[in-house]
Trainee: 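One structure, pasted below without further comment.
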Amino acid sequence: MKLLTHNMLTSKILKNVVNGYPLRINAVKTEIKKADFQPDFIARMIQKIDYKALFQAAETLGYSEGLPKVEFLSDQDLNENILKKLHEILLEVEVIEGDLECPETGRKFPISNGIPNMLVNDEEI
């Protein structure tokens, strides 16, 4: 699971969950999978993601060095070094094994072979 995907996942479907975001990452295995650098794509995506949640996920996985510790990034913050670091975090860091944990209920969703299983049981909705 790439951190770009993680940034969009929520457990809001669960019973008694108000927000369910951001899900905590409990990684057992991560890998770096190289991808072509596309600065225009990264600059567009940074406008659509929750930067605070991305920074938190990167910090949890040990990849936050070189990122500004701010609530959000503006266009003025996006120099080439920051874009390259965001590219690495969004598109190259991949959680292979572990789980995602709902911040409100503690419900865990397994990640296996890089794929998060967000299916819920009928009694959980």
Side-chain angles (χ1 to χ4, degrees):
M1 174 196 70
K2 296 188 185 312
L3 294 190
L4 178 60
T5 302
H6 168 263
N7 200 267
M8 298 174 194
L9 295 175
T10 178
S11 59
K12 196 171 184 174
I13 193 170
L14 293 174
K15 197 183 321 181
N16 300 322
V17 171
V18 176
N19 189 14
Y21 181 85
L23 298 169
R24 287 186 209 102
I25 300 175
N26 302 309
V28 174
K29 180 181 178 185
T30 60
E31 291 180 2
I32 298 288
K33 296 186 177 182
K34 292 295 182 186
D36 292 336
F37 178 53
Q38 299 173 19
D40 293 336
F41 174 76
I42 299 301
R44 284 192 312 273
M45 288 308 298
I46 203 65
Q47 305 300 321
K48 299 175 185 193
I49 65 169
D50 180 335
Y51 179 75
K52 185 177 176 182
L54 176 66
F55 185 89
Q56 182 181 13
E59 191 171 44
T60 297
L61 297 174
Y63 290 98
S64 63
E65 187 176 327
L67 283 179
K69 192 171 186 173
V70 294
E71 294 288 316
F72 63 92
L73 287 177
S74 67
D75 289 342
Q76 292 80 17
D77 296 321
L78 299 179
N79 62 44
E80 187 174 355
N81 289 336
I82 298 296
L83 287 170
K84 284 182 178 178
K85 185 64 180 179
L86 288 167
H87 164 83
E88 175 190 12
I89 290 168
L90 288 168
L91 301 176
E92 295 184 342
V93 173
E94 189 159 344
V95 178
I96 305 299
E97 302 292 333
D99 62 60
L100 299 171
E101 185 177 336
C102 174
E104 294 174 45
T105 65
R107 163 63 150 88
K108 294 186 179 185
F109 300 92
I111 303 168
S112 181
N113 294 318
I115 301 169
N117 181 347
M118 299 299 293
L119 297 176
V120 295
N121 301 320
D122 288 340
E123 64 272 5
E124 293 179 297
I125 11 182

Trainee: Can E88 and K84 be counted as an ion pair, charged N to O under 4.0 angstrom?
Mentor: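 No, this pair does not count.
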
Trainee: Counting neighbours of CG on D36 that are heavy atoms of other residues, nucleotides or ligands and sit closer than 6.0 Å, is the number greater than 12?
Mentor: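 For D36, atom CG is not crowded (no more than 12 foreign heavy atoms under 6.0 Å).
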
Trainee: Does a sphere of radius 6.0 Å around CZ in F37 hold more than 12 heavy atoms from other residues, nucleotides or ligands, not counting ones at 6.0 Å or beyond?
Mentor: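 Yes - once you tally the heavy atoms of other residues, nucleotides and ligands closer than 6.0 Å, there are more than 12.
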
Trainee: Could you measure the distance from the SG atom of C102 to the CZ atom of R24? Nearest 0.5 Å is fine.
Mentor: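 One finds 8.0 Å between SG of C102 and CZ of R24.
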
Trainee: Sequence neighbours excluded, which residues qualify as side chain to side chain contact (heavy atoms under 4.5 Å, CB included) partners of D77?
Mentor: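 Here the qualifying residues are L73, S74.
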
Trainee: Judged by atom type as modelled, is there a donor-acceptor pair below 3.5 Å linking the side chain of K15 to the main-chain atoms of E123?
Mentor: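 Such a contact is found between K15 side chain and E123 backbone.
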
Trainee: Could you tell me whether the side chains of E104 and N16 share a donor-acceptor contact shorter than 3.5 Å?
Mentor: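 Distance-only check fails for E104 and N16.
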
Trainee: Is I25 linked to F109 within one hydrophobic cluster, defined over Ile, Leu, Val, Met, Phe, Trp and Tyr using a side-chain heavy-atom separation of less than 4.5 Å?
Mentor: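 Linked, I25 and F109 end up in one cluster.
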
Trainee: Looking only at heavy atoms, what is the nearest atom pair of P22 and P103, with distance?
Mentor: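 The answer is O-CG, 3.5 Å.
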
Trainee: For H6 versus L23, what's the shortest heavy-atom pair and its separation?
Mentor: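 The answer is NE2-O, 2.7 Å.
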
Trainee: Is there side-chain contact between V120 and R107, with at least one heavy-atom pair below 4.5 Å?
Mentor: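 Yes, side chains in contact.
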
Trainee: Grab the two heavy atoms, one from N7 and one from L54, that are nearest each other, plus how far apart they are.
Mentor: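 In this case the closest contact between N7 and L54 is ND2-N, 3.5 Å.
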
Trainee: Using side chain to side chain contact (heavy atoms under 4.5 Å, CB included), reason through L91 and L3 one step at a time and then give a plain yes or no.
Mentor: CA-CA 7 Å; L91 301 176; L3 294 190; over 6 Å; no

Trainee: Strictly distance-based, threshold 3.5 Å: is any side-chain N or O of N113 a donor or acceptor partner for the main-chain N or O of I115?
Mentor: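 Checked: no pair found.
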
Trainee: Check step by step if side chain to side chain contact (heavy atoms under 4.5 Å, CB included) holds for F72 and D50.
Mentor: CA-CA 7 Å; F72 63 92; D50 180 335; over 6 Å; no

Trainee: If hydrophobic clusters are built by linking Ile, Leu, Val, Met, Phe, Trp and Tyr wherever their side-chain heavy atoms come under 4.5 Å apart, do M118 and I13 end up in the same one?
Mentor: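 Yes, M118 connects to I13 through the hydrophobic network.
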
Trainee: Quick check: closest heavy atoms across P68 and I82, and the distance to 0.1 Å?
Mentor: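 Heavy atoms of P68 and I82 come nearest at CD-CD1, 3.6 Å.
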
Trainee: Find out whether K69 and F55 are in side-chain contact, i.e. whether some heavy atom of one side chain is under 4.5 Å from a heavy atom of the other.
Mentor: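 Side-chain contact under 4.5 Å: yes.
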
Trainee: Which heavy atom of F41 sits nearest to which heavy atom of L4, and what is that distance?
Mentor: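 That would be CZ-CD2, 4.4 Å.
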
Trainee: What closest approach, in Å, do Q38 and H87 show between heavy atoms, and which atom pair accounts for it?
Mentor: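 Minimum heavy-atom contact is N-ND1, 4.2 Å.
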
Trainee: Between K29 (side chain) and G114 (backbone), is there a donor-acceptor pair under 3.5 Å?
Mentor: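 No; judged by distance alone, with no hydrogens or angles, the pair does not exist.
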
Trainee: Determine whether a donor-acceptor pair (N or O, by modelled atom type, separation under 3.5 Å) exists between the side chain of T60 and the backbone of Q56.
Mentor: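 Yes, because the side chain of T60 sits within donor-acceptor range (under 3.5 Å) of the backbone of Q56.
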
Trainee: Are any of the side-chain heavy atoms of L90 and I49 separated by less than 4.5 Å?
Mentor: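 A side-chain contact under 4.5 Å exists here.
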
Trainee: Please assess M1 against I96 for the test side chain to side chain contact (heavy atoms under 4.5 Å, CB included), listing each intermediate value before the final yes or no.
Mentor: CA-CA 6 Å; M1 174 196 70; I96 305 299; over 6 Å; no

Trainee: Within this structure, what is the OG-CD1 distance for the pair S64 and I89, rounded to the nearest 0.5 Å?
Mentor: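 Answer rounded to 0.5 Å: 7.0 Å.
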
Trainee: For the pair E92 and K33, find out whether any cationic side-chain nitrogen is under 4.0 Å from an anionic carboxylate oxygen.
Mentor: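 Salt bridge absent between E92 and K33.
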
Trainee: Quick check: does any side chain N or O of N79 sit under 3.5 Å from a backbone N or O of N81, one acting as donor and the other as acceptor?
Mentor: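 Answer holds: yes.
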
Trainee: May I ask you to test the E124-T105 pair for a side-chain heavy-atom distance under 4.5 Å?
Mentor: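 Contact flag for E124/T105 side chains = no.
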
Trainee: Could you tell me whether K2 and E94 have a side-chain N and a carboxylate O separated by less than 4.0 Å?
Mentor: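 Result for this pair is yes, salt bridge flagged.
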
Trainee: Any chain of hydrophobic side-chain contacts (each under 4.5 Å) joining L9 to L61?
Mentor: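 L9 clusters together with L61.
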
Trainee: For the residue pair T30 and Y63, establish whether any side-chain heavy-atom pair is separated by less than 4.5 Å.
Mentor: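 When only atoms from C-beta onward are counted, Y63 and T30 do touch, with a gap below 4.5 Å.
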
Trainee: K108: what forms a side chain to side chain contact (heavy atoms under 4.5 Å, CB included) with it, not counting sequence neighbours?
Mentor: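 Counting only residues at least two positions away or on another chain, K108 forms a side chain to side chain contact (heavy atoms under 4.5 Å, CB included) with N26, D99, E101.
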
Trainee: Applying side-chain contact (heavy atoms from CB on, under 4.5 Å) between P39 and each of L86, L78, L83, report the one that passes.
Mentor: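 Output: one option passes, namely L83.
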
Trainee: Report yes or no: do L119 and L14 belong to one cluster of Ile/Leu/Val/Met/Phe/Trp/Tyr joined by side chain heavy-atom distances under 4.5 Å?
Mentor: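 No, no single cluster joins them.
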
